[in-house]
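The first residue in the sequence is number 1, and the count goes up from there. Atom set for the values below is all heavy atoms of this structure, side chains included, hydrogens, waters and symmetry mates excluded.
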Amino acid sequence: MAPLLTNKRGTDQRFDVNLSILFTELPLLERPAAAAAAGFTAVELWWPWIDTPTPDPSELEALKQALEQAGTRLVGLNFYAGQLPGPDRGALSVPGEESDRFRANIDVAADFAASVGCKALNALYGNRVDGVDPAVQDELALENLVTAARAADRVGAVLLIETLNEPESPRYPLVSAPSAIEVVDKVNAATGLGNAKFLLDIYHLSMNGEDVSRIIEAYADRTGHVQIADNPGRGAPGTGSLPLEQLLDELRKAGYDGWVGLEYKPGDRPSADAFGWLPAEARAAR
């Protein structure tokens, strides 16, 4: 694949690789080194232990060592979010056992983030549940997000709130940028900390039919993290029709200088072959 970004434009951004969607053909502990071999020095992860919010400390230590030995920095981490990938889209608004699991995970995730210098923690809201009043779920969500925001603040991190897309996540309530921003505002009002931020995922916004350029203009100053994939297909930039080079330029011009997470599917090829759109010299983080 020919480079999508020019060398100059590529080095204007700070890219990281999402190791929960790329390099998944490898065991978790081998993925940081694989990303490093592809030229990247920053990575992000969904919560890797989908069956438990509280893994054995030895598993956390092993991941920390894998990151350090590869020379990769973890710049984004999800709190426990249930079966992801899978049917779940978060746990914090789901009454009962799942929200209990989220709460049990808060300090575990925050402390691990602190141990590796990660400054962004993403809290997926969770699906609507049959037979439960949405207002009850929203009240529970705010309570849990306030706790998570305080834990993130304790370790010098931001709390991210993400919009997903309705076609692929029809039971997830935050399927527009304004809906996520509303939650960001509620959390910040409740804590007074100001560390809740918007996770602007260009793929999800485009799948929802939103005007991504307008969203960037409106919310770049409240955005704490960006993720990209092309559309259709959620593949690498250049495999679909999104004007990703233009949108990344718009983000930069709007003042966003944070991380751009590569959260796309490699397709029917090894993940290491899915970065031809990005000049090699633009992969190492600034």
Side-chain angles (χ1 to χ4, degrees), residues 4 13-22 42-47 75-79 81 84-86 88-90 92 118-127 145 158-184 196-252 254 256-266 274 277-278:
L4 178 71
Q13 310 289 342
R14 293 196 293 165
F15 295 102
D16 73 86
V17 177
N18 188 307
L19 297 181
S20 296
I21 194 169
L22 285 154
V43 298
E44 62 181 72
L45 278 166
W46 303 340
W47 184 249
V75 300
L77 177 67
N78 282 15
F79 286 107
L84 184 75
D88 298 333
R89 297 292 186 272
L92 63 92
C118 177
K119 299 298 184 183
L121 289 158
N122 184 29
L124 284 172
Y125 201 82
N127 289 329
L145 285 168
V158 298
L159 174 73
L160 300 172
I161 308 295
E162 182 174 8
T163 292
L164 300 182
N165 75 77
E166 190 168 14
E168 294 175 329
S169 303
R171 301 181 69 83
Y172 190 82
L174 307 184
V175 288
S176 72
S179 65
I181 291 291
E182 181 181 0
V183 174
V184 167
K197 302 284 186 180
F198 179 42
L199 196 165
L200 192 158
D201 186 305
I202 290 175
Y203 169 75
H204 287 308
L205 296 174
S206 69
M207 281 285 288
N208 284 326
E210 296 190 76
D211 183 336
V212 181
S213 293
R214 189 192 68 78
I215 297 302
I216 289 170
E217 181 180 7
Y219 302 128
D221 62 336
R222 297 155 83 179
T223 295
H225 192 67
V226 169
Q227 292 171 335
I228 63 171
D230 217 330
N231 189 22
R234 200 174 185 176
T239 61
S241 58
L242 284 179
L244 286 167
E245 182 176 14
Q246 170 195 322
L247 294 169
L248 290 173
D249 276 348
E250 290 173 3
L251 275 161
R252 180 179 54 80
Y256 179 77
D257 62 358
W259 296 99
V260 176
L262 309 183
E263 194 183 64
Y264 58 79
K265 299 175 182 177
W277 62 276
L278 183 62

| Under 3.5 Å, side chain of Glu210 to main-chain N/O of Ala177, donor-acceptor pair present? | yes

| If you round to the nearest 0.5 Å, how far is CZ of Arg14 from CG of Asp257? | 6.0 Å

| message | Using the rule given for side-chain contact (heavy atoms from CB on, under 4.5 Å), can you reason through Leu92 versus Phe79, listing the C-alpha separation, both sets of side-chain angles and the distance that settles it, and then say yes or no? | response | CA-CA 9 Å; Leu92 63 92; Phe79 286 107; over 6 Å; no

| query | What distance separates Leu22 CG from Tyr264 OH, expressed to the nearest 0.5 Å? | reply | 5.5 Å

| Expected output: side-chain Asn208 to main-chain Leu164 donor-acceptor under 3.5 Å | yes

| said: Quick one, Ile228 and Leu262 - any side-chain contact, counting heavy atoms below 4.5 Å? | reply: yes

| task | Search all heavy atoms of Leu145 against all heavy atoms of Ala123 and return the closest pair with its distance. | result | CD2-CB, 3.7 Å

| Does some side-chain heavy atom of Tyr256 sit less than 4.5 Å from a side-chain heavy atom of Ile216? | no

| query | How many angstroms lie between NE2 in His204 and CG in Leu199, if you round to the nearest 0.5 Å? | reply | 8.5 Å

| field | Contacts of Arg171 that satisfy salt bridge (Lys or Arg N to Asp or Glu O under 4.0 Å) - sequence neighbours left out | value | Asp130

| field | Closest contact, heavy atoms only, Cys118 versus Gly76 | value | SG-N, 3.5 Å

| request: Check side-chain hydrogen bond (donor to acceptor under 3.5 Å, both in side chains) between Thr223 and all other residues, then give those that pass, not counting sequence neighbours. | output: none

| query | Measuring from Ile181:CD1 to Tyr219:OH, what's the distance to the nearest 0.5 Å? | reply | 5.5 Å

| Does a donor on one side chain sit under 3.5 Å from an acceptor on the other, for Trp277 and Glu245? | no

| field | Partners passing side chain to side chain contact (heavy atoms under 4.5 Å, CB included) against Lys119 (at least two apart in sequence or in another chain) | value | Arg73

| What are the two closest non-hydrogen atoms of Ala236 and Ala274, and how far apart are they? | CB-O, 3.8 Å

| Arg252 versus Val260: any side-chain heavy-atom pair under 4.5 Å? | no

| field | Heavy-atom donor-acceptor pair, Asn165 side chain to Ser206 backbone, under 3.5 Å | value | no

| query | Do Phe198 and Ile161 have side chains that get closer than 4.5 Å, going by heavy atoms? | reply | no

| query | When rounded to the nearest 0.5 angstrom, what distance separates CD1 in Ile202 from CD in Gln227? | reply | 10.0 Å

| remark: So CZ of Arg234 and CD of Glu263: to nearest 0.5 Å the spacing works out to 4.5 Å

| query | Can you list the residues that meet the side chain to side chain contact (heavy atoms under 4.5 Å, CB included) rule with Ser213, with sequence neighbours excluded? | reply | Asp211, Gln246, Leu247, Glu250

| Contacts of Thr163 that satisfy side-chain hydrogen bond (donor to acceptor under 3.5 Å, both in side chains) - sequence neighbours left out | none

| field | Short side-chain donor-acceptor distance under 3.5 Å, Asn78 and Asn122 | value | yes

| Minimum heavy-atom separation for Ser179 to Ser176, with atom names? | OG-O, 2.7 Å

| task | Give a yes or no answer on whether the side chain of Asn18 reaches the backbone of Gly261 with a donor-acceptor pair at less than 3.5 Å. | result | no

| task | Give a yes or no answer on whether the side chain of Gln13 reaches the backbone of Leu248 with a donor-acceptor pair at less than 3.5 Å. | result | yes

| Steps toward side-chain contact (heavy atoms from CB on, under 4.5 Å) verdict (Leu124, Trp46) | CA-CA 10 Å; Leu124 284 172; Trp46 303 340; over 6 Å; no

| Ser169: what forms a side-chain hydrogen bond (donor to acceptor under 3.5 Å, both in side chains) with it, not counting sequence neighbours? | Arg89

| said: For the backbone of Val183 and the side chain of Tyr125, can you confirm whether one donor and one acceptor N or O come within less than 3.5 Å of each other? | reply: no

| said: Surrounding CD of Glu217 (heavy atoms of other residues, nucleotides or ligands, distance under 6.0 Å), is the total greater than 12? | reply: no

| said: Using a 3.5 Å distance criterion without hydrogens, assess whether the side chain of Tyr203 forms a donor-acceptor pair with backbone atoms of Asn231. | reply: no

| message | So does Gly240 get a backbone contact from the side chain of Asp230, meaning a donor-acceptor N/O pair under 3.5 Å? | response | yes

